[in-house]
Engineer: 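I'd like to ask you about the structure that follows.
The figures that follow rest on heavy atoms only: side chains count, while hydrogens, waters and symmetry mates do not.
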Amino acid sequence: MAFVAALSFHYLCIQFVTPLYMKIFWLVLALFLCACRGEELLIPAEYERLPLEARSLESFSPDEPIGMYILNEGNMGSNKSTIDYVDFVNATFIRNIYSERNPEVIKELGDVGNDIAIYGSKLYAVINCSHKVEVMDARTCKRLGQIDIPNCRFIDFAGGKAYVSSYVGPVSIDPDAQQGAVFEVDTASLKITRQVTVGYQPEELLATDDYIYVANSGGYRKPNYDNTLSVINRTTMKQVRKLELGLNLQCVEQDRQGRLWVSARGDLDNPTGERAPGLYVLTPLSPDLDEVDIDILDYACSVMQICGDSLFYIHSSSLPDASNFIFGIIDVNTQKQVTDCFVEASSAETYKMPYGLLVNPYNRQLFVTDAKNYVSSGVLHCYDPAGKELWQVRTGDIPSRMVFLYK
C-alpha cells in the first residue's frame with residue numbers, strides 16, 4: 001500500500017505542479033542527490049500517464065497483475081541498465097524507478113541487465129557484466145542486497161532456492177572459454193549454497209521440484225557452439241545427463257502436459273543446413289530424461305513464452321540484411337503454427353528490433369518491446385489478444401525481460 005500511495009503522490013505532483021515549480025523541484029532534487037553522491041549525478045525517474053483507467057488496488061483479483069517491471073539492458077560497458085515500471089493501479093509508467101528508490105547506490109543498477117524475476121516478496125535482477133544478482137523488495141523496488149555470481153545470465157526458482165546460470169569465465173569471445181555453471185542460492189539468506197558445472201555458456205534454465213534443465217549455448221566459442229541440454233538432479237545438485245539437441249541453445253519452457261520446449265539459435269553467422277535454428281519438443285518418458293521422445297520443428301525463436309496451450313514467440317535474425325520479423329503462435333498440442341504475426345501488420349512494420357515478450361495470462365494481453373538501434377530509448381507495445389495495439393510508451397535503452405507483480 002505504501003508503494004501505491006507513493007506512486008499516487010508522484011502522479012498528483014505531475015498533474016498539478018506548474019512547469020516553473022517543476023523545474024525548481026527537479027533542480028533542487030538533482031542538487032541534493034548530487035551532494036549525496038559526490039560528483040555522480042542521479043537522473044530522476046520520469047512519470048508518464050498511460051491511456052488506462054486508474055483503479056483501486058482492492059478491485060484487482062489475486063491472479064490479475066497490478067504492475068509490471070521491465071529490465072533495460074543498457075549498452076555493454078556503459079553502466080546504464082535500468083528498471084521501468086508499469087503501474088496498472090495508477091495507470092502510470094515510471095522510467096528508471098530503481099535509481100529513484102535507491103539514491104544511495106553509487107553505480108545504480110549496473111552493466112547489462114539480463115534477466116528479471118519475482119519470487120515470494122523479492123524482485124531479482126540478473127546484471128550480467130556487473131557479475132551480480134540485485135535483490136529488491138518487489139513492492140517498492142528498494143534494494144535488499146546482492147548476490148555475487150560471475151558472468152551471470154538467467155534465474156529460476158524452486159523449493160525456496162534460486163538457480164542462476166553463469167558463464168563463469170570473463171566476458172569475451174574465446175575458443176577456449178571454460179564450461180559454465182549453475183549456482184544455487186538460498187532466497188532467505190541470499191547466500192550461495194551449492195554450484196554445479198554444466199555445458200559451455202549456459203543460457204535459460206527451468207527449475208522443477210526434482211530437476212533443473214539448462215540450455216547450453218557455447219556462444220563464446222563460436223562457431224564451435226554447444227548443442228547440449230544439461231539435466232541436474234536438484235536434490236544432489238549433480239548433472240546427471242546431457243542431451244544433444246541443436247546448436248546454440250537459448251530458451252527452455254514447459255507446457256501443461258510436462259513437455260519441454262527448447263529453442264536453438266543455430267549458427268548466427270551461417271544459419272543454414274545443419275547449423276540452422278530450430279525448436280525441439282521433448283516429451284519425457286522419465287523425469288531425468290533418460291528416456292525421452294524428441295520432435296524437431298522448423299521454427300526459429302529468439303524469445304518465447306508458453307501461455308495456456310499456446311507458445312508465443314518472436315524471431316529476430318542477427319543478419320544485418322534481415323528485415324522480416326516473425327511474431328508467431330504455435331499450438332503446443334498439435335505443434336502447428338497458428339499465425340506468423342500475432343500483432344496487426346501496421347504495428348509490426350514499425351519495429352526496428354523486436355526484443356522482449358510477455359503474455360498476461362489473466363487477459364491474454366501481449367507486451368512486446370522494441371530495442372530500436374540498441375543505443376537509444378526503446379519502446380514497449382501493448383496489444384489486445386487479437387493483436388490490436390492498445391498503447392505504446394518509451395522505455396530505457398534495450399528493453400528486454402519483463403515480469404508481472406501481483407498483490
Side-chain angles (χ1 to χ4, degrees), residues 1-12 47-71 83-94 97 101 115-125 135-142 155-160 162 187 206-209 253-258 304-312 329 331-333 342-343 356-369 380-393 395 399 401-407:
M1 290 299 293
F3 185 29
V4 174
L7 297 183
S8 299
F9 170 77
H10 282 288
Y11 178 63
L12 289 172
Y47 288 70
E48 181 174 337
R49 186 73 162 84
L50 293 174
L52 306 172
E53 179 184 356
R55 298 165 52 188
S56 68
L57 184 63
E58 293 72 22
S59 68
F60 285 77
S61 64
D63 56 347
E64 182 181 8
I66 63 170
M68 183 179 75
Y69 288 104
I70 303 135
L71 180 64
I83 295 176
D84 298 333
Y85 183 71
V86 180
D87 178 8
F88 295 125
V89 177
N90 295 291
T92 305
F93 186 82
I94 309 174
I97 188 173
R101 301 299 164 84
D115 197 14
I116 192 166
I118 290 175
Y119 186 71
S121 62
K122 295 183 178 76
L123 174 68
Y124 297 79
V135 186
M136 297 148 278
D137 182 278
R139 295 279 181 177
T140 64
C141 204
K142 184 69 177 175
I155 190 167
D156 202 11
F157 307 87
T187 56
L206 174 69
T208 68
D209 289 341
E253 290 277 328
Q254 188 172 43
D255 63 27
R256 294 190 289 195
Q257 287 71 39
M304 66 187 194
Q305 181 197 347
I306 292 177
C307 183
D309 288 327
S310 298
L311 183 144
F312 295 81
I329 300 177
D331 185 308
V332 298
N333 294 316
F342 58 70
V343 302
L357 168 68
L358 188 64
V359 185
N360 186 344
Y362 179 78
N363 57 17
R364 304 279 288 195
Q365 285 186 353
L366 301 103
F367 296 88
V368 182
T369 64
L380 169 67
H381 299 260
C382 176
Y383 301 93
D384 70 12
K388 178 179 174 58
E389 185 168 75
L390 301 175
W391 50 269
Q392 62 174 265
V393 66
T395 68
R401 310 288 287 198
M402 297 166 276
V403 63
F404 289 121
L405 173 68
Y406 296 85
K407 71 175 183 178

Engineer: Is there side-chain contact between M136 and K142, with heavy atoms separated by less than 4.5 Å?
Structural biologist: no
Engineer: Testing the basics here: between R49 and A91, what is the closest heavy-atom pair and its distance to 0.1 Å?
Structural biologist: NH1-CB, 2.8 Å
Engineer: For P361 versus Y406, what's the shortest heavy-atom pair and its separation?
Structural biologist: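 The pair with the smallest heavy-atom distance is CG-OH, 4.0 Å.
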Engineer: Any side-chain donor-acceptor pair under 3.5 Å between N90 and T92?
Structural biologist: no
Engineer: Please examine the side chains of I66 and R139, heavy atoms only from C-beta on, and report whether any two atoms are closer than 4.5 Å.
Structural biologist: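 The answer is yes, as the side chains (C-beta and beyond) meet within the 4.5 Å cut-off.
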Engineer: Would you check, one step at a time, whether the test side chain to side chain contact (heavy atoms under 4.5 Å, CB included) holds for E253 with L206?
Structural biologist: CA-CA 7 Å; E253 290 277 328; L206 174 69; over 6 Å; no
Engineer: Could you check whether any side-chain heavy atom of Q365 comes within less than 4.5 Å of a side-chain heavy atom of C382, counting everything from C-beta outward?
Structural biologist: yes
Engineer: Would you say that L380 contacts M68 through its side chain, given a criterion of any heavy-atom pair below 4.5 Å between the two side chains?
Structural biologist: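 Yes - at least one pair of side-chain heavy atoms lies under 4.5 Å apart.
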Engineer: Compare every heavy atom of T140 with every heavy atom of R101, then report the nearest pair and how far apart it is.
Structural biologist: NH1-O, 3.1 Å
Engineer: Does some side-chain heavy atom of R401 sit less than 4.5 Å from a side-chain heavy atom of L358?
Structural biologist: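 L358 does not reach R401 side chain to side chain.
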Engineer: Using a strict 4.0 Å threshold on nitrogen-to-oxygen distance, state whether K122 and D137 make a salt bridge.
Structural biologist: no
Engineer: Whether the side chain of Y69 engages the backbone of A138 through a donor-acceptor N/O pair (distance < 3.5 Å, no angle test) should be reported.
Structural biologist: yes
Engineer: In sequence, state the C-alpha distance, the side-chain angles, and the governing distance for L52 and W391, and then conclude on side chain to side chain contact (heavy atoms under 4.5 Å, CB included).
Structural biologist: CA-CA 9 Å; L52 306 172; W391 50 269; 3.4 Å; yes
Engineer: Do you know which two heavy atoms are closest between D63 and P65, and how far apart they sit?
Structural biologist: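 Smallest interatomic distance, heavy atoms only, reads O-CD, 3.9 Å.
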Engineer: Walk me through it: do I116 and I83 pass the test side chain to side chain contact (heavy atoms under 4.5 Å, CB included)?
Structural biologist: CA-CA 9 Å; I116 192 166; I83 295 176; 4.3 Å; yes
Engineer: Is there a donor-acceptor pair closer than 3.5 Å between any side-chain N or O of D115 and the backbone N or O of I155?
Structural biologist: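 Judged by distance alone, yes, a pair lies under 3.5 Å.
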Engineer: Working to the nearest 0.5 Å, report the span between SG of C307 and OH of Y362.
Structural biologist: 13.5 Å
Engineer: Taking Y119 for the side chain and G160 for the main chain, is one N or O donor matched with an acceptor at less than 3.5 Å?
Structural biologist: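 Checked: pair present.
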Engineer: Within this structure, what is the CG-CD1 distance for the pair L311 and I329, rounded to the nearest 0.5 Å?
Structural biologist: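 That separation rounds to 9.5 Å.
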Engineer: Should the pair R55 and F88 be classed as cation-pi, given the thresholds of under 6.0 Å to the six-membered ring centre and 45° from the axis?
Structural biologist: no
Engineer: Taking side chain as C-beta onward, heavy atoms only, is V343 less than 4.5 Å from L366?
Structural biologist: no
Engineer: Looking at N360 and R364, would you say the former's side chain and the latter's main chain have a donor-acceptor pair under 3.5 Å?
Structural biologist: no
Engineer: Please assess C141 against L123 for the test side chain to side chain contact (heavy atoms under 4.5 Å, CB included), listing each intermediate value before the final yes or no.
Structural biologist: CA-CA 7 Å; C141 204; L123 174 68; 4.3 Å; yes
Engineer: Roughly how far apart are E64 CD and S59 OG, rounded to 0.5 Å?
Structural biologist: 7.0 Å
Engineer: Considering all heavy atoms of both residues, which atom of A117 and which atom of V403 are nearest to each other, and what is their separation?
Structural biologist: CA-CG2, 4.1 Å
Engineer: Considering only heavy atoms from C-beta outward, does the side chain of F157 approach that of Y124 to under 4.5 Å?
Structural biologist: yes
Engineer: What pair of heavy atoms forms the shortest contact from P399 to T395, and how long is it?
Structural biologist: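 That would be CG-OG1, 3.2 Å.
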Engineer: Verify ring-ring contact (aromatic ring centres under 6.0 Å, His included) between F367 and Y383, making sure each step is shown before the conclusion.
Structural biologist: CA-CA 6 Å; F367 296 88; Y383 301 93; 9.0 Å; no
Engineer: Could you check whether any side-chain N or O of D87 sits under 3.5 Å from a backbone N or O of F93, counting only pairs where one atom can act as donor and the other as acceptor?
Structural biologist: no
Engineer: I want to check something: taking the side chain as every heavy atom from C-beta on, are H381 and T369 in contact at a cut-off of under 4.5 Å?
Structural biologist: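 No, their side chains stay 4.5 Å or more apart.
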Engineer: Quick check on Q257: does its CD atom have over 12 non-hydrogen neighbours (other residues, nucleotides or ligands) under 6.0 Å away?
Structural biologist: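 Counting other residues, nucleotides and ligands, CD of Q257 exceeds 12 neighbours.
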Engineer: For the side chain of Q305 and the backbone of V359, is there at least one donor-acceptor N/O pair under 3.5 Å apart?
Structural biologist: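 Yes; at least one donor-acceptor contact below 3.5 Å.
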